[in-house]
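The structure appears below as structure tokens.
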Amino acid sequence: MASIIDGKAIASQIKEEVKAGVGKLADRGISVTLAVIQVGQDPASCVYVRNKKRTCAELGIRSLAYDLAEETEEQELLALIEKLNAQADVDGILVQLPLPAHISEKKIIAAIDPAKDVDGFHPMNAGALATGESGFLPCTPYGVIQLLKRSGIALDGKECVVVGRSNIVGKPMAQLLLRENATVTIAHSHTQNLAAVTRRADVLVVAVGKRQMITKEYIKPGAAVIDVGMHRDDSNKLCGDVDYADVFDTAGAITPVPGGVGPMTIAMLMYNCLESARRRMEK
Ligand code: NDP
């Protein structure tokens, strides 16, 4: 039977630490500020943006809201980013994805000052992670590392398998595990005999975007299973990429959905905002 990795509790702990750090800066007259840009009214994006703004308020971080119309031109958005890049009191710039089809996400991410890229998506920050330089780490994989470390799950020398190779989850996840001295395998849609690969894993991170795809046949007994996926099941309840009930007796530790990786993503975003303000101070 697996022990449950409580993402909600660990995220609360991190948020308390961030709140204390924000308070210390406030004592020195410095406020931490995050600019949140949303284009259009995608319902899922509205929920994410609302949560981010609410968490900012809870931790004493000032959030500046830019709610732009769906038909906003790419040029207009680029101009706003340029303005926020130049604004000395803005520590973080977050553009909620996905963007409407007529705007290039690549162009927009590349326009954000890497020193304010608290999502960690800018190619400069991706390069910094790959080469071992300091930069901003993408919030979801960074949150997974925190979950594992704070749950006392060893990574050094362990077999870790990441299913998924997206730029925002799978690839940086693998880089971060490598940085922890794990032996890392990345699996993807072309991987042959996926279950044979995942059954090697002491730590299995699943970011595949396929509802409840990972069943007990994919799990080495006793493995730690981290489920990044986020879906709705047939009764509209949140569920992950892992079939939690099926895997529960085989895994040694597991993250639930909800209450696993999800809360960590937002906690690490807040952490990155604080970190950005600290770096601004040191300049
Ligand atoms: P993407 O769709 O960008 O990537 C999915 C990856 O899974 C791809 O690399 C793809 O391979 C691989 N894949 C797809 N099908 C298979 C298969 N049958 N076997 C093996 N590999 C497969 O997704 P994201 O990385 O953006 O997100 C993954 C999941 O995590 C989603 O459910 C998303 O909602 C969730 N998510 C949750 C977050 C949170 O805060 N909890 C944050 C971000 C994402 P290939 O490259 O070959 O196509």
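As the structure lists them, so they are numbered: ligands from 1, and atoms in each ligand from 1. This one's a predicted model, so the numbers in the text were calculated from it and none came from an experiment.
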Residue portion contacting ligand 1 (non-hydrogen atoms closer than 4.0 Å) for T140: side chain
Considering the heavy atoms of G229, write down every atom of ligand 1 situated less than 4.0 Å from one of them. 29 (C), 30 (O), 32 (O), 35 (C)
Flag T265 as yes when one of its N or O atoms lies below 3.5 Å from any N or O atom of ligand 1, and as no otherwise. yes
I'd like to know whether Y244 forms a side-chain contact (heavy atoms from CB on, under 4.5 Å) with D227, so could you lay out the CA-CA distance, the side-chain angles of the two residues, the decisive distance to 0.1 Å, and finally the verdict. CA-CA 9 Å; Y244 185 84; D227 187 354; over 6 Å; no
Report, in ascending order of atom number, the atoms of ligand 1 lying under 4.0 Å from any heavy atom of G262. 41 (N)
Which one holds for H231 and ligand 1: side chain close, backbone close, both close, or neither close, with close meaning a heavy atom under 4.0 Å? side chain
CG-CD1 distance between D202 and I153, expressed to the nearest 0.5 angstrom: 11.0 Å
Note: heavy atom closest to atom 23 (O) of ligand 1, options S166, P172, A187, belongs to S166
May I ask you to test the C139-N272 pair for a side-chain heavy-atom distance under 4.5 Å? yes
Roughly how far apart are Q175 CD and T131 OG1, rounded to 0.5 Å? 9.0 Å
OG1-NE2 distance between T191 and H188, expressed to the nearest 0.5 angstrom: 4.0 Å
Closest non-hydrogen protein atom to atom 31 (C) of ligand 1, residue and atom name please, with distance? G209 CA, 3.6 Å
I'd like the name of whichever of V257, V228, V261 reaches closest to atom 36 (N) of ligand 1 through any heavy atom. V228
Looking at ligand 1, does any of its N/O atoms fall within less than 3.5 Å of an N/O of M230? yes
Residue K220 excluded, over 12 heavy atoms near NZ under 6.0 Å: yes
Nearest 0.5 Å, please: how far is CG in L84 from CD1 in I112? 9.5 Å
Does the side-chain contact (heavy atoms from CB on, under 4.5 Å) test come out yes or no for I14 and R150, once each step is laid out? CA-CA 10 Å; I14 291 170; R150 291 176 187 237; 3.6 Å; yes
Identify, by atom number and element, the atoms of ligand 1 in contact range of G164, meaning under 4.0 Å from any of its heavy atoms. 6 (C), 7 (O), 9 (O)
Close approach of M264 to ligand 1, heavy atoms, under 4.0 angstrom: no
Salt bridge between E282 and R279, side-chain N to carboxylate O under 4.0 Å? no
closest protein heavy atom to atom 22 (C) of ligand 1 is V208 CG2, 3.2 Å
Look at atom 2 (O) of ligand 1 and say whether a protein heavy atom is found at less than 4.0 angstrom from it. no
Worked check of side-chain contact (heavy atoms from CB on, under 4.5 Å) between I108 and I81: CA-CA 8 Å; I108 296 302; I81 291 170; 3.5 Å; yes
Using heavy-atom distances only, which candidate in I168, D241, L269 approaches atom 26 (O) of ligand 1 most closely? I168
More than 12 heavy atoms of other residues, nucleotides or ligands under 6.0 Å from CE of M213: yes or no? yes
Of the backbone atoms (N, CA, C, O) and the side-chain heavy atoms from C-beta on, which set of T191 has a member under 4.0 Å from an atom of ligand 1: side chain, backbone, both, or neither? neither
Considering only non-hydrogen protein atoms, determine which one is nearest to atom 27 (O) of ligand 1 and report residue, atom name and distance to 0.1 Å. V169 CG2, 4.4 Å
Check for me whether G170 has a heavy atom closer than 4.0 Å to any atom of ligand 1. no
What protein heavy atom sits nearest atom 11 (O) of ligand 1, and how far away is it? S189 N, 3.2 Å
K210 heavy atoms, cut-off 4.0 Å: which ligand 1 atoms fall inside? 14 (C), 15 (N)
So which heavy atom in the protein is nearest atom 46 (O) of ligand 1, and how far is it from that ligand atom? R165 NE, 2.7 Å
Do other residues, nucleotides or ligands put more than 12 heavy atoms under 6.0 Å from K8 NZ? no
Run the salt-bridge test on R280 and D91 with the 4.0 Å N-O cut-off and return the result as yes or no. yes
Got the closest protein heavy atom to atom 20 (C) of ligand 1, with its distance? H188 O, 3.1 Å
